[in-house]
Protein chains: 2
Amino acid sequence: MMSGASTVDAIRRVGLEMFARDGYEATTMRAIASEVGIQAGSLYNHFASKEEILWDLTRGALMQLTSRIRESMETLAVDADARDQLSAFVDAHVRFHALNSDQASIVNRQMAGLSATHYRQAVSLRATFETQLGDILRNGDASGEFHVIDLRMSVIAILQMCISVSTWYRADGKLSPDEICAVYVQLSQRMVGFDQRALMASGPRKGVSQR
Amino acid sequence: MMSGASTVDAIRRVGLEMFARDGYEATTMRAIASEVGIQAGSLYNHFASKEEILWDLTRGALMQLTSRIRESMETLAVDADARDQLSAFVDAHVRFHALNSDQASIVNRQMAGLSATHYRQAVSLRATFETQLGDILRNGDASGEFHVIDLRMSVIAILQMCISVSTWYRADGKLSPDEICAVYVQLSQRMVGFDQRALMASGPRKGVSQR
DNA sequence: CGGCGATACTAACAAGCGTTAGTTTCAAAG
DNA sequence: CTTTGAAACTAACGCTTGTTAGTATCGCCG
């Protein structure tokens, strides 16, 4: 049983890596099996089809992201203002996409390989993020904290900005996840028209960071 | 000659559409040929390989985008400030990605199908956009017009924000390219810390646009 | 008219694809 | 010791893939 569970996990691990790097269509069952250390036919002891592997990974990635965002939002005080909510949301989003770039790649680029049914489910899961962020922006605008230019476009622009971190972040790079999150939180605050002049005046300006 | 040129163009048109919609790997030479109205083997009278079609389309899309940006920048007065430069750049970028979503899809998602040589060339072409925008932001920050948080991350965030328009814009939607560009120009100005309070005070605030 | 180049066709190739059937292995349960 | 069931194996199926060779068609130039 232990070896069985670890084989499933090995398939998940290898599939995730290969789908993210080479794409779903360009990855073959034989290549996955070879990397796992078994024969191609043996994969079907664990997954019904190639598409099932992709769906398992897509679903897992989306639920993991959902959990991280929920956890991040739950740390907020009940009376947290819109700015804090936006910060928590953007921080969780950026952190996930930096530290889980393979999962991010699958959710953002390999979903075309899913069946129509699974595709719809994935899109629906992803839409909840847009709704969540949209609520934060709407509330912040209503309370006067934010000055949103256009709700829908702002939501998409912020989300896509966070997602794009997965395309360039490297664990061995010069920027830590904390530093990156801090910058993106500030960028998102600017995008929604949060006035942070008081904040900036409190600390010394140091010019453009060239890194 | 005339029919020959139009066949090449038909292959380009069909390949562009299919690569963008289904992905490079999932698109077969027979499917392209069928849509063009010829046999699969006849494609090789016009392109040496499947990868050559992808490269032709990738190269064409990148050069088209390059042209649009150059044209947009050339309309500026020689003494245009950084804000005008940023506006021209973002406007051209957003407009291209809205009106040419198929080309955008290929450049942003199908490049994995390219050979190593062609891939490097494409990445190199794309890097010029980052350099251009980076220069605008650096100059604007140096002159005090902008208050950039982090140069590299701001460049990537703005570019990715523009690119993402290609994933949701529809010609039959409710937003015109002009309206979208106007919003994204404002968003980019906020991201670089351009102070537009004077501008906003001049026009009436209307709350969040829900559309 | 005769030839020529461009472009289309047909037919096939070798390779690879996802998947399946049937069999073997082997550790745990009875 | 026997039974059982999970999980591996081998070997193949039917199909599709990108690509090529050889041939036919047809408008244009000399």
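So you know, we letter chains A, B, ... as the sequences are listed, proteins then strands, and number each from 1.
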Passing option when His118(B) is tested against Glu52(B), Arg59(B), Glu51(B) for side chain to side chain donor-acceptor pair (under 3.5 Å): Glu51(B)

Interatomic distance, Gln39(A) CD vs dT19(C) P [rounded to whole Å]: 17 Å

Tyr44(B) OH - dA21(D) P separation (whole Å): 12 Å

Ser49(A) vs dG18(C): side-chain N/O to OP1/OP2 distance below 4.0 Å: no

Whole-Å gap separating P (dA6(C)) and CZ (Phe47(B)): 16 Å

Arg30(A) CZ to dA15(C) C1', straight-line distance once rounded to whole Å: 11 Å

Extract from the structure each pairing of a protein N or O with an N or O of nucleotides 26-29 of chain D at less than 3.5 Å, listing the distance.
none

Atom pair distance, as rounded to whole Å: CG in Leu54(B) and P in dG18(D): 13 Å

Pi-cation contact, Tyr24(A) with Lys50(A) (under 6.0 Å, within 45°): yes

Along DNA chain C (nearest heavy atom to each residue), the more 5'-positioned of Ser42(A) and Ala26(A): Ala26(A)

d(CE, Met29(A); P, dT20(C)) in whole Å: 10 Å

Whole-Å gap separating C1' (dT16(D)) and CD1 (Ile32(B)): 15 Å

Sidechain N-carboxylate O distance under 4.0 Å for Asp135(B), Arg138(B): yes

Polar side-chain contact Asn45(B)-dA8(C) base: donor and acceptor under 3.5 Å: yes

Pairing of Arg21(A) and Glu17(A) as salt bridge, 4.0 angstrom limit: yes

Side-chain heavy atoms of His46(A) within contact of Thr7(A), under 4.5 Å: yes

Nearest-nucleotide comparison on DNA chain C, the residue closer to the 5′ end among Glu51(A) and Ile38(B): Ile38(B)

Pair Ser166(A)-Gln103(A), side-chain hydrogen bond (donor to acceptor under 3.5 Å, both in side chains): steps then yes or no: CA-CA 9 Å; Ser166(A) 66; Gln103(A) 269 107 325; over 6 Å; no

Atom pair distance, as rounded to whole Å: NE2 in His46(B) and C1' in dT19(D): 16 Å

salt_bridge(Arg95(A), Asp91(A)) N-O dist < 4.0 Å: yes

